[in-house]
Each structure stands twice: as structure tokens, then as C-alpha cells.
Amino acid sequence: MNEKMRNDAYSIMSEAIAAVDPEACIYRSVEKSGNELSINGRSYDLSQYVNIYVIAFGKAAIPMSKAMEEILGDSLSSGIAITKKGFAAPLSRMKVFEASHPMPDDNSIAAGKMIHDLLETTDTNDLIFFLISGGGSALVTYPRKGISLMDMAKLTDSLMRAGATIDELNVVRKHLCSIKGGGLAKMAFPSESVSLILSDVVGDPLDVIASGPTVPDTSSFVDFHDIIERYCIALSPAVAGVLDDGLEGVIEETPNSGASAFEKTSHYLVGNNSLALQEAEKKASELGYNTMVLTSSIVGEAKEVAKVFAAIAREERQRGTPLPLPACILAGGETTVTMKGKGLGGRCQEMALSFAIEVAELNDVLLLAAGTDGNDGTTDCAGAFADGGTVQRGRNLQLDARMYLCNNNSFGFFKETGDLIKTGPTGTNVMDIYVIMVDMF
Ligand SMILES: O=C(O)[C@H](O)CO
């Protein structure tokens, strides 16, 4: 095992995560001078509003709120922040709540109701800041009439297990929840609203991040229907009823770009995966690696993407291309895992295990795959390291890497080999970072 390369990969990942610290992202975008607030160059005169509220939800809700509380100071009337269980911390002017992720729970519904109730009291002269980050779809939900928490949770689980992408999952959620798919903007209208968004979705589509609560929806009940057919998902009677009503036009579509709800909304992206990769690239150069960012748009089945990364590492090892050695190739994105086995793991650990199998016996080749939120799948770690010796280290412990991969039990494998990456909750979430390194002999 090349310890230096491993330590370097960890430092590069840490630098990437620090760059998208949610507080730093807010401070980079928002400035206040007297009553004037400037967001990415656009000015808001705070003195013209009667009340100013902050509503934050997602895994980064607390640090984003902390920064906004600090910037707004006495201008802030009150607010609510909803984050994942274990991520809460006290705020000075805003109430803090926790809910479950990735499956919504009763607290997610209570949070949805709280937001709804607060927005019922707001009026045309009020300003609302929405601080939106990944995980928001599960943490806050306000199901359509007749849809229960169990309906939402079961459907989310079935789609995730079937390998649906986040875009697909959120098309379905947007049509079952009155906050998602522009619904929040509708609730906030006629108040003015400003959304500050930390992206955890490939390509930063605002209508997908946290299910696009404040932007026009581009999807329809027909798309919802197609996704259910594509993955052969069995629907509860209540969900099937909403889908039928939607297809027949008995219930309204989610609001699209022509809707009045969006007349007083504006949106700013404050951080994303590309920003994290830029900083990772700087750190890798500082550490002496020839480096490049391949893409921030990796998607697909984790174990298949790993084969592409392994092919890149092999090319580096054998021919020293595309970069001279030592090389550090960076990528970001978010893959999926189609669950066939009964094991424990996450997309990054699954990718690392598949990479390990592909590069078995190659010297000084390493992959670090980690979720920037510090949380890979249902495990308490961020991801895993894999190198040319991983499979053999497993064999020495009587572990067959291929069997573990077939059973989607990457966590079980890496727990024994000691290759798990544990950062704890980082407070941010801009998808995953992949660091491919190839050293000189
Ligand atoms: O909450 C969600 O919908 C996902 O994290 C994507 O933003």
C-alpha cells in the first residue's frame, strides 16, 4: 500500500470539501452594507420589507443559516432550519428541527406543515430567503391530500432500490408533495423570495435540487407515469389514484414557467461540485501531482463507472497518458447502485470495490471515492480507498472481493480491510469526489 499517495488523496478530498463549506459559500455570494444586501452583484434594499424570514432545509441548512443570521443581523425577523438527524446545532434567531434522510419520517411532514403555516402569515411586503441544499426532498414533505408518509417512504425506497436517478425520483416526488416542483414558491407568493442553492445534482438543474421547490417545474404527470413503468414499480392505491387524476387533468400540474408564483422569485447557485474540484486540483498541484479535472458530471451504475476509472488508471500506469506521472485525475458526480444483494454499502464503496477488482496487482494506483457530506449510502462513512493490493489484502482475510461486490456488501469488505474513509458529517453536500492517483515506481 502506498501510504503517501493515500494521505495525499485524503488531503485533496479535504480541501475540496472545505471549498464548499456552506458558510463560506454564503459569505462568498452575499454581502450586506447598511440596509443594502448584495447577492452576486444584485442589490436588495432591506428597508423596503416589513418582515424578513429565512427558511432553510437540506443537509447544509445549519451552516447556511448561521451565515445568513450573521449577515442579516437585526434585519432578520425569524426563521426555521430543518436538517438531517445528527446534523443539528443551535442557531440564534431561527428554530432548528431534525428529520430523517434518505427516507422521510413524521418529522419531515411536521417540517412541511411548519413551513406552510409560516408562509400563510407572510404578505406582499415580506422577503423570504430560502436556503436550499441536498437532502431537502426527504427532510421536508407536505404530501398531497390522501398520500401518507408510508406511501412516500415506500415509493422512495422502491425507486432507489430499482436504481432510479435523482432526476427520476424527484419527478415522482414533485407530483406527490405540495412543496416540491415550484410548490414552495406558490406558497410564498405574493411575498418576494430569494433562493440560495447549494447543488448536489449533476449539472446543477435548479428544478431537481431538493425537488426544485422554488422554480418552475419542467416535468409532468406523464413523466411520472413513464418512470413508474420503466422501473415496474407497484403503486399504493393512494399514489395510483393521484397519478390517474393527474393524467386525466382532474388535479393540477405542478406550476410551470408561466405561473404567477414565480413573478417575485430569484435564484442563486452558491456552491457545487465543480467548485470543490477546482480546489482539489489546486491542492493536487501543490502536492506535486500532474493533475486535471476530468468531469463533474459522472453518473451511472457505480461498479461500471469504476471500470472506466480503472481503464484510465491502467493507461496512466502503462503509458503515462493522459498526464505524466505522478498523476492525479479528478472527477465528481453521483452514481447509483442497483441493489441485487443484501449487503451494506454505498455508491462510493461499491465503486471502490469494483475498481479494486479491476486494478488488482497494479502497483501504485489508487482510487478515493467519497461523498462530500461524509455519508455514503446507509453507512456512517464517506467512502473508501481502493488500490492494486486491496483484493489481495481481502484474500489474506479470507474475503472474496467479487462475492462481496455481488452481494452489494462493499461496507462488509472494507470494514475488514481497513479501507473505509470516515470524515463524520461535513455539513456540506455537493455529491461525490473521485481522486484517481498513479504514482511513479
Ligand atoms: O434532496 C434531494 O432531492 C436530493 O438531495 C437532490 O437535491
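Atoms within a ligand are numbered from 1 in the order they appear, just like the ligands themselves. This one's a predicted model, so the numbers in the text were calculated from it and none came from an experiment.
Of the polar atoms of Ser133, none of the N or O atoms is found under 3.5 Å from an N or O of ligand 1, judged by distance alone. Checked against a 3.5 angstrom limit, the closest N/O atoms of Ile209 and ligand 1 fall outside it. At a 3.5 angstrom cut-off on N or O pairs, Val201 does not count as close to ligand 1. Polar contact with ligand 1: absent for Ala138 (N/O pair, distance under 3.5 Å).
A salt bridge does not link Asp376 with Lys422: none of the charged nitrogens is closer than 4.0 Å to a carboxylate oxygen. Note on Lys307 versus Glu304: salt bridge recorded, some NZ/NE/NH1/NH2 to OD/OE distance being below 4.0 Å. Contact check on Arg347 versus Glu350 returns no salt bridge, with no Lys/Arg side-chain nitrogen under 4.0 Å from an Asp/Glu carboxylate oxygen. Salt bridge Lys84/Glu98: absent, no basic N to carboxylate O contact under 4.0 Å.
Counting heavy atoms closer than 4.0 Å to ligand 1, residue Leu139 contributes nothing at all. In Asn429, neither the side chain nor the backbone holds a heavy atom less than 4.0 Å from any atom of ligand 1. Here Leu169 has no heavy atoms under 4.0 Å from ligand 1, in either its backbone or its side chain.
Formation of a donor-acceptor pair under 3.5 Å by the Arg93 side chain with backbone atoms of Ser77 is not found in this model.
Ligand 1 lies less than 4.0 angstrom from a heavy atom belonging to Arg173.
Scanning the protein for heavy atoms near atom 2 (C) of ligand 1, the closest one is Ser137 OG, 3.2 Å. At the top of the distance list for atom 4 (C) of ligand 1, counting protein heavy atoms only, stands Asp200 OD2, 3.5 Å.
Ring geometry for Tyr10 versus Phe385: interplanar angle of 30 to 60°, hence tilted.
Annotation: side chain of Phe262 is not in contact with side chain of Lys186 (no heavy-atom distance under 4.5 Å).
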